[in-house]
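Only one structure is covered here, and it is reproduced in the block below.
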There are 2 protein chains.
Amino acid sequence: MNEQDFLAGYDPSAYPSTAITVDVVALTIREGALHLLLIRRGQPPYQGHWALPGGFVQPDEDLTTGARRELAEETGLGGDRLRRVHLEQLASYGAPDRDPRMRIVSVAHLAFAPDLPDPVADSDADEAGWLPVTALPSRQLAFDHARIVDDGLERARSKLEYTPLATRFLGPEFTIAELRGVYETVWGHPLHAGNFHRKVLSVPGFVESTGGNTERGGARGGPRARLYRAGDARLLHPALLRPAREETVR
Amino acid sequence: MNEQDFLAGYDPSAYPSTAITVDVVALTIREGALHLLLIRRGQPPYQGHWALPGGFVQPDEDLTTGARRELAEETGLGGDRLRRVHLEQLASYGAPDRDPRMRIVSVAHLAFAPDLPDPVADSDADEAGWLPVTALPSRQLAFDHARIVDDGLERARSKLEYTPLATRFLGPEFTIAELRGVYETVWGHPLHAGNFHRKVLSVPGFVESTGGNTERGGARGGPRARLYRAGDARLLHPALLRPAREETVR
DNA sequence: TCAATAGTGTCTTTGAGACACTATCAA
DNA sequence: TTGATAGTGTCTCAAAGACACTATTGA
């Protein structure tokens, strides 16, 4: 039997079937706090609970394409704004009982977005919004989404160490202080301003100067800061390591 | 409608269906070279091509459980030997056309194993074996498995930097020189013996002394080496970074 | 005038890497 | 005896972090 004949006689339904969804852990920074895009479910299961935006993968689309589509649908965003959002695969979650309806494997994705407008609820949901991650209703997230969010946050913290993706939380032009704000928000503790400044400028390709300055100094005074845009590095070398965390090592 | 009623009337077949497989990039070190477990396919599609071990996820098993089961089936291994194999999720691959039969999303896993016996072919395959990764028939791997292998190798190289998983390629007791051999094999270039030795011993929890020594010196002479076992660290701090690779940064 | 901030200078400590050297063992 | 290897000592350089300081701005 050759491959042609084999495929002609192949019956997909003879194999165990499972549904595939994509879910998105979309992060942004608002007013100095890390926010997560969540949807309040309008239908069972977990009706009324908050859940990650996501849905079934369409027959003709790639996993990451599906995740970007879901993100576009939930945020009402498109075009250039959406294209500036960083999106990467996070991990897949497939415990047999994670969804009461049927066996569903979710391919979770992680997104970093600059401050975006409030989402518009679509037909399936009665509410959608950016919620601060520090005040998450952890026990009330649908399915295993609390676990997925935890994994996403840890991945985000780690990614800031060795990639320049912190810039994806900001607009096309930013100051070093704003970049430092991203690190402090995601990592959850303050950094030394002077050392951070020098470190960022010393990593090749992390940021490049636009030549411009901010129009005004800080809200409470201070000189006008120089403006930078993201450089062409894909990895930071040397990396910007988080302050030692002995506890997490063992 | 409450959740009970909803689930009772829920029809899984109304949703787009997809098959889920797990594939395993299983690595081991034989005679100083990195080897990969491959199966020569006995059936279409890609009949006669080499492919990663893997298969459909069973209805009641978790993704990682499925990967471990597939690994056990292909290697004929069980019990303690299998339990010593490190297994982690790598990534999921779901391009719509990656399998000519139907939409199949593969959740790839990565395994690090100490030198294992040659695998026994099962009913679906006419051949199975550990192949050196340097001499892979890249263009002849089935499906998108060449890409998955590349991703797995890069993940393996990276994991050796900041985790103690190099020890998973070795037996329960090993010398520093053997551990160095793992790094040299996976990273693909020689390391300075003296500096490596000191570095490994300086990282807390990486290895701990057994108190014993090897029975004999090296094959071409030299003193007997001290024996070590894996320590309790889950992360290396500070990390063992690969020598700088400027090319890969941009 | 005052307080906050941007940006730079400098010193200390840690760690990576180059190199040298000794002790030990197989052939 | 010879040559390879295990393990240690030492030096240099890069980088992280602590601290200090100046210049610039808003209030």
Side-chain angles (χ1 to χ4, degrees), chain A residues 32 160-162 170 173-184 187 189-204 206-228 235-246 249, chain B residues 32 160-162 170 173-184 187 189-204 206-228 235-246 249:
Chain A
L160 292 209
E161 293 192 282
Y162 57 92
L170 300 171
E173 299 195 354
F174 49 85
T175 67
I176 301 295
E178 286 167 344
L179 186 61
R180 176 163 49 85
V182 172
Y183 277 90
E184 292 176 332
W187 285 353
H189 45 71
L191 298 173
H192 187 287
N195 289 341
F196 181 87
H197 192 104
R198 185 177 6 190
K199 168 72 183 177
V200 167
L201 295 187
S202 76
V203 176
F206 191 178
V207 299
E208 57 187 30
S209 176
T210 68
N213 293 301
T214 52
E215 287 296 319
R216 293 175 39 87
R220 289 183 291 282
R224 292 180 237 181
R226 286 173 220 160
L227 287 170
Y228 296 86
L235 292 174
L236 302 184
H237 191 79
L240 249 151
L241 297 179
R242 276 178 278 184
R245 52 227 142 94
E246 296 291 332
V249 172
Chain B
L160 292 208
E161 292 192 283
Y162 58 93
L170 300 170
E173 299 196 351
F174 50 84
T175 68
I176 301 295
E178 287 167 344
L179 186 62
R180 176 164 49 86
V182 173
Y183 277 90
E184 291 176 332
W187 285 353
H189 46 71
L191 298 174
H192 187 287
N195 289 340
F196 180 87
H197 192 104
R198 185 177 7 190
K199 168 71 183 178
V200 166
L201 296 186
S202 78
V203 176
F206 191 178
V207 298
E208 57 186 30
S209 176
T210 68
N213 292 301
T214 52
E215 288 295 320
R216 293 175 38 87
R220 289 182 290 283
R224 291 179 237 182
R226 286 174 218 157
L227 287 170
Y228 296 85
L235 292 173
L236 301 184
H237 191 79
L240 248 151
L241 297 179
R242 275 178 278 183
R245 52 227 142 94
E246 296 290 333
V249 171

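Treat the numbers as computed from the prediction; the structure is a model and nothing was measured.
- Summarising the geometry of A:Leu241 relative to A:Glu161, their closest heavy-atom pair is CA-OE2, 3.4 Å, with the distance given to 0.1 Å.
- Atom CG of B:Leu236 and atom P of C:dG15 are 13 Å apart (whole Å).
- Applying the side chain to side chain donor-acceptor pair (under 3.5 Å) test to residues at least two apart or on different chains, none of the pairs has a partner in residues 209-218 of chain B.
- Comparing atom distances between the A:Arg224 side chain and each of C:dC25, D:dT25, C:dC19 picks out D:dT25 as nearest.
- B:His192 places its NE2 atom 16 Å from the P atom of D:dC11, with the value rounded to the nearest Å.
- The two residues A:Thr175 and A:Ala225 have their closest heavy-atom pair at CG2-CB, 3.7 Å.
- With D:dA15, C:dC25, C:dA27 as the choices, the nucleotide that has an atom nearest any side-chain atom of B:Arg216 turns out to be C:dA27.
- When the C1' atom of D:dG17 is taken as reference, atom CZ of A:Arg242 falls 18 Å away, rounded to whole Å.
- Of the possible polar contacts, none joining the B:Lys199 side chain to the B:Gly194 backbone as a donor-acceptor pair under 3.5 Å is found.
- Listed in residue order, the members of residues 193-203 of chain B having a heavy atom less than 4.0 Å from DNA chain D are B:Gly194, B:His197, B:Arg198.
- Separating the OH atom of B:Tyr183 from the C1' atom of C:dG17 is a distance of 17 Å, rounded to the nearest angstrom.
- In this structure, B:Leu240 CG and B:Phe206 CZ are separated by 6.0 Å, a value rounded to the nearest 0.5 Å.
- Near-neighbour residues of DNA chain C inside residues 207-215 of chain B, defined by a heavy atom below 4.0 Å, are absent.
- For A:Val182, the side-chain contact (heavy atoms from CB on, under 4.5 Å) partners at least two apart in sequence or on another chain are A:Ile29, A:Leu160, A:Ala166, A:Phe169, A:Leu170, A:Val186.
- Looking at residues two or more places apart in sequence or on another chain, you find a side-chain contact (heavy atoms from CB on, under 4.5 Å) between B:Leu201 and B:Ile176, B:His197, B:Val207, B:Tyr228.
- Neither OP1 nor OP2 of C:dT5 sits under 4.0 Å from any side-chain N or O of A:Arg226.
- Going from atom NE2 of A:His192 over to atom CZ of A:Arg198 covers 8.0 Å, rounded to the nearest 0.5 Å.
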Please enumerate all protein N or O atoms sitting under 3.5 Å from an N or O of nucleotides 1-4 of chain D, with distances to 0.1 Å.
none

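- Nucleotide D:dA14 holds its P atom 18 Å from the CG atom of A:Leu241, rounded to whole Å.
- Distance check, rounded to the nearest 0.5 Å: CG of B:Leu227 to CZ of B:Phe174 gives 9.5 Å.
- Classified by interplanar angle (parallel below 30°, tilted 30° to 60°, perpendicular above 60°), the ring pair A:Tyr183/A:Trp187 is perpendicular.
- One can place CZ of A:Arg180 at 9 Å from P of C:dT5, the figure rounded to the nearest angstrom.
- Proximity of B:Pro243 to B:His189: side-chain heavy atoms (C-beta onward) are separated by under 4.5 Å at one or more points.
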